[in-house]
Amino acid sequence: DVKVTQSSRYLVKRTGEKVFLECVQDMDHENMFWYRQDPGLGLRLIYFSYDVKMKEKGDIPEGYSVSREKKERFSLILESASTNQTSMYLCASSRPATQETQYFGPGTRLLVL
Amino acid sequence: AQRVTQPEKLLSVFKGAPVELKCNYSYSGSPELFWYVQYSRQRLQLLLRHISRESIKGFTADLNKGETSFHLKKPFAQEEDSAMYYCALLSGNTGKLIFGQGTTLQVKP
């Protein structure tokens with residue numbers, strides 16, 4: 001059974017703080033993804049990684065960075081949190097073949113005050 | 001431009017009524033499409049993919065290339081179908097998905 005875990009379910013941070021969101025998967029998946037989920041906007045891809053130390057920008061990378069030092073772990077970093085980054089953040093992983101399912105974590109609800 | 005559009009934010013039906021959640025896409029090439037579902041307090045999960053031509057929990061979706069649509073249908077809605085539904089399009093060959101805005105399905109008793 002695929003398991004994708006995220007370090008926190010809820011997080012409250014102040015404007016300007018550096019924020020780390022961690023995601024771990026236990027299925028040896030090559031691909032990992034970070035999305036944000038906002039009402040009326042659906043899921044928007046922030047960054048994805050198809051291998052260790054490899055990363056590509058998604059649709060909305062501004063204000064975010066990522067790190068993938070180990071295959072199972074993909075971190076999303078908010079360098080200086082802003083109120084417009086208040087959102088639900090979802091991590092996902094998948095095998096590299098195109099028709100492979102993406103498996104999602106439970107999400108981290110981030111509130112930036 | 002590659003895009004997925006779900007025109008309805010909310011679809012409310014009574015139990016036993018037919019359901020159709022609309023999805024339209026924009027893609028040059030042969031599209032690969034999916035429906036994902038998120039039940040209350042659960043994580044997002046795959047419902048079905050068009051290439052499998054499967055029926056899951058009574059739901060089906062047919063790819064209509066002429067209308068560039070991939071609508072999700074169920075003949076008789078159940079209360080447990082209440083959830084958020086996302087249509088998604090595979091972008092390129094990297095495994096990236098483009099998601100629609102999502103439709104909340106509310107099935108009333």
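Numbers restart at 1 for each chain; the letters A, B, ... are given by sequence-line order, proteins then strands.
The environment of NZ in B/Lys73 is sparse: at most 12 heavy-atom neighbours from other residues, nucleotides or ligands sit within 6.0 Å. The number of heavy-atom neighbours closer than 6.0 Å to CD of B/Glu67, taken from other residues, nucleotides and ligands shown, is 12 or below. Around NZ of B/Lys108, the count of heavy atoms belonging to other residues, nucleotides or ligands within 6.0 Å exceeds 12. Heavy-atom neighbours of B/Tyr39 OH from other residues, nucleotides or ligands within 6.0 Å: above the threshold of 12.
Among residues at least two apart or in separate chains, salt bridge (charged side-chain N to carboxylate O under 4.0 Å, His left out) pairs with a member in residues 81-96 of chain B are B/Lys74-B/Asp81.
Heavy-atom distances place both the backbone and the side chain of A/Gln102 under 4.5 Å from chain B. Heavy atoms of B/Gln38 lying under 4.5 Å from chain A belong exclusively to its side chain. For a residue to count as touching a neighbouring chain, one of its non-hydrogen atoms must lie under 4.5 Å from one of that chain's; by this rule B/Ile98 does not touch chain A. Of the atoms belonging to A/Leu43, heavy atoms from both backbone and side chain fall under 4.5 Å from chain B. Only the side chain of A/Phe48 comes within contact range of chain B, with at least one heavy atom under 4.5 Å from a heavy atom of that chain.
Here the closest non-hydrogen pair linking B/Lys9 and A/Gly40 is CE-CA, 3.9 Å.
Note: A/Ser94 OG to B/Leu46 CG = 11.5 Å, rounded to the nearest 0.5 Å.
By the rule that hydrophobic residues join a cluster once side-chain heavy atoms approach within less than 4.5 Å of another member, A/Leu78 and A/Leu90 end up as members of separate clusters.
A distance-only check finds no donor-acceptor pair linking the side chain of A/Tyr35 to the backbone of B/Phe99 [under 3.5 Å].
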